[in-house]
There are 2 protein chains.
Amino acid sequence: MVDHQYAFKQFTDYLRSEGKSITPERLDILDLVLHEKGHFRIEDVIRKNDRVSRATIYRTLKTIEDAGLIKYIRTIHDEKIFEVVKEHHDHMICEVCGKIIEFHDPDLESLQNDICASRGFSPTRHTMKIFGICPACQKHRSQKNTPE
Amino acid sequence: MVDHQYAFKQFTDYLRSEGKSITPERLDILDLVLHEKGHFRIEDVIRKNDRVSRATIYRTLKTIEDAGLIKYIRTIHDEKIFEVVKEHHDHMICEVCGKIIEFHDPDLESLQNDICASRGFSPTRHTMKIFGICPACQKHRSQKNTPE
DNA sequence: GCAATAATTGAGAATCAATCTCAATTATTT
DNA sequence: AAATAATTGAGATTGATTCTCAATTATTGC
Ligand SMILES: [Mn+2]
Ligand SMILES: [Mn+2]
Ligand SMILES: [Zn+2]
Ligand SMILES: [Zn+2]
């Protein structure tokens, strides 16, 4: 998981370095976000919070993103899905149930860097999403299709 | 590039197989799209066409996408960018000038498949985007930063 | 080819997430 | 604590995309 105290320090350091104020609204949203398990949508944050306005939630999520503490991916239906930034990883997304599986492969990462180097491209970050069918959904399917 | 005649056949076959009509509007949009070089936006299609309505353009781009003839990626600014589907490839996207560089690496592809196999995930497709700085923009930067 | 039937189209309305406005409030600085 | 600067909230606005439905066009079966 993520060390909340460290995340708060990161965030307040970022705010100070940018000349931005440290407000209860910003700290509340960060706190809420840190308590989310896995992936979440903006509407989740709006729903779970009755104190901070919609406008400030949008503004603050962008600020937290700029601080490097959250990021988002897009589902197969093009929905924005946020997550707290941990170690770098990529995603497998099930096209049947929508489940998101995180993975990390050092060989993949270094191969990507090699490919960039060979083309003179200087990479800063990447996203990779593999769409397909997760193990659980494969089981369901094979059961349904099994003749009696 | 892409064989236009073959693309039209693919599209009309798809339409027939789905019980959809073959209309001048649909063929016009496909023709326009096939003549686009590289990547294009919906607004480009709307601008370049004065015959077909906006609503039909949206509907038809989705239909052409469903037929597997175009797909889209998202830029760093989250804009939808379409392209005609050719051989599979991935993208490097310059964060300075927005340039999109296509690449394909067989080792990368097979490594991805291995990773999926090891986790019991059955992949159907993937997208990978590497953000960074393209060779041209690196030159500009080093020139600007060079002391006189 | 022609009538009957089914699908598509276009113009504008509607939707909806995201952004903007600006006066009131709150944080920061001195 | 006062002065200054930044932020917030409520609601308006935007803008891309989708929807509506009557008019038009394509398809199907003679
Ligand atoms: Mn993740
Ligand atoms: Mn491409
Ligand atoms: Zn699944
Ligand atoms: Zn560039």
Side-chain angles (χ1 to χ4, degrees), chain A residues 8-9 11-33 36 39-67 69-83, chain B residues 8-9 11-33 39-67 69-83 98:
Chain A
F8 272 98
K9 176 161 176 13
F11 190 43
T12 52
D13 284 354
Y14 170 80
L15 292 175
R16 265 187 284 265
S17 75
E18 294 284 314
K20 292 178 185 299
S21 302
I22 295 167
T23 66
E25 289 80 8
R26 285 175 175 160
L27 299 179
D28 275 10
I29 299 302
L30 177 59
D31 190 59
L32 199 163
V33 148
E36 287 292 324
H39 304 89
F40 61 93
R41 294 182 222 76
I42 289 183
E43 50 180 298
D44 299 326
V45 179
I46 293 171
R47 194 182 313 110
K48 292 190 181 179
N49 184 57
D50 45 11
R51 208 181 74 64
V52 182
S53 72
R54 191 187 330 268
T56 296
I57 288 175
Y58 274 98
R59 287 187 284 233
T60 302
L61 285 177
K62 196 154 288 169
T63 306
I64 298 175
E65 187 190 344
D66 290 343
L69 292 169
I70 59 174
K71 62 176 182 173
Y72 66 87
I73 58 175
R74 294 252 178 199
T75 67
I76 196 168
H77 300 300
D78 240 19
E79 302 164 308
K80 260 189 181 176
I81 298 281
F82 280 88
E83 66 179 15
Chain B
F8 272 98
K9 175 159 177 11
F11 190 44
T12 51
D13 284 354
Y14 170 79
L15 292 175
R16 264 187 286 265
S17 75
E18 295 285 312
K20 293 178 186 297
S21 301
I22 295 166
T23 66
E25 290 79 8
R26 286 175 173 160
L27 299 180
D28 275 11
I29 298 301
L30 177 60
D31 190 60
L32 198 163
V33 148
H39 303 91
F40 60 93
R41 293 181 222 78
I42 289 182
E43 50 180 295
D44 299 327
V45 179
I46 292 172
R47 193 181 313 109
K48 291 189 180 177
N49 185 61
D50 44 11
R51 208 181 74 63
V52 182
S53 72
R54 192 188 329 266
T56 296
I57 288 174
Y58 273 97
R59 289 187 281 233
T60 302
L61 285 177
K62 197 155 286 170
T63 306
I64 298 175
E65 187 191 343
D66 291 342
L69 292 168
I70 59 175
K71 63 176 179 172
Y72 66 87
I73 58 175
R74 295 250 176 199
T75 68
I76 195 168
H77 300 299
D78 240 19
E79 303 164 307
K80 260 188 180 177
I81 299 281
F82 280 88
E83 65 179 16

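Labels below follow one simple rule: chain letters A, B, ... track the order of the sequence lines, proteins then strands, and each chain is numbered from 1.
- A straight line from CD of B/Glu65 to P of D/dT17 spans 12 Å, rounded to a whole angstrom.
- In this structure, CZ of A/Arg16 is placed 16 Å from P of D/dA6, rounded to the nearest angstrom.
- Close to D/dT17, at under 4.0 Å from its OP1 or OP2, lies a side-chain N or O of B/Tyr58.
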Close N/O contacts between protein and nucleotides 21-27 of chain D (under 3.5 Å):
| residue | atom | partner | partner atom | Å |
| --- | --- | --- | --- | --- |
| D/dT27 | OP1 | B/Ile22 | N | 3.1 |

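- A straight line from CG of B/Asp44 to C1' of D/dA16 spans 15 Å, rounded to a whole angstrom.
- Near DNA chain C, meaning a heavy atom under 4.0 Å from it, residues 49-57 of chain A has A/Ala55 in order of number.
- No donor-acceptor pair closer than 3.5 Å links the side chain of A/Arg74 to the backbone N or O of B/Asp78.
- One interatomic measurement links the two molecules: CZ of A/Arg74 to C1' of C/dA17, which rounds to 11 Å at whole-angstrom precision.
- In this entry the distance linking CG of A/Leu27 with C1' of C/dA27 reads 12 Å, nearest Å.
- Within the 4.5 Å cutoff, the side chain of B/Val52 has no heavy atoms near those of the B/Thr60 side chain.
- Between the CD1 atom of A/Ile46 and the P atom of D/dA10 there is a distance of 13 Å, rounded to whole Å.
- Between the CD1 atom in B/Ile46 and the CZ atom in B/Arg41 there is a gap of 12.0 Å [rounded to 0.5 Å].
- Here the straight-line distance linking atom CD1 of A/Ile73 with atom CD of A/Glu79 works out to 10.5 Å at 0.5 Å rounding.
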Check against salt bridge (Lys or Arg N to Asp or Glu O under 4.0 Å), A/Arg59 and A/Glu25: CA-CA 11 Å; A/Arg59 287 187 284 233; A/Glu25 289 80 8; over 6 Å; no
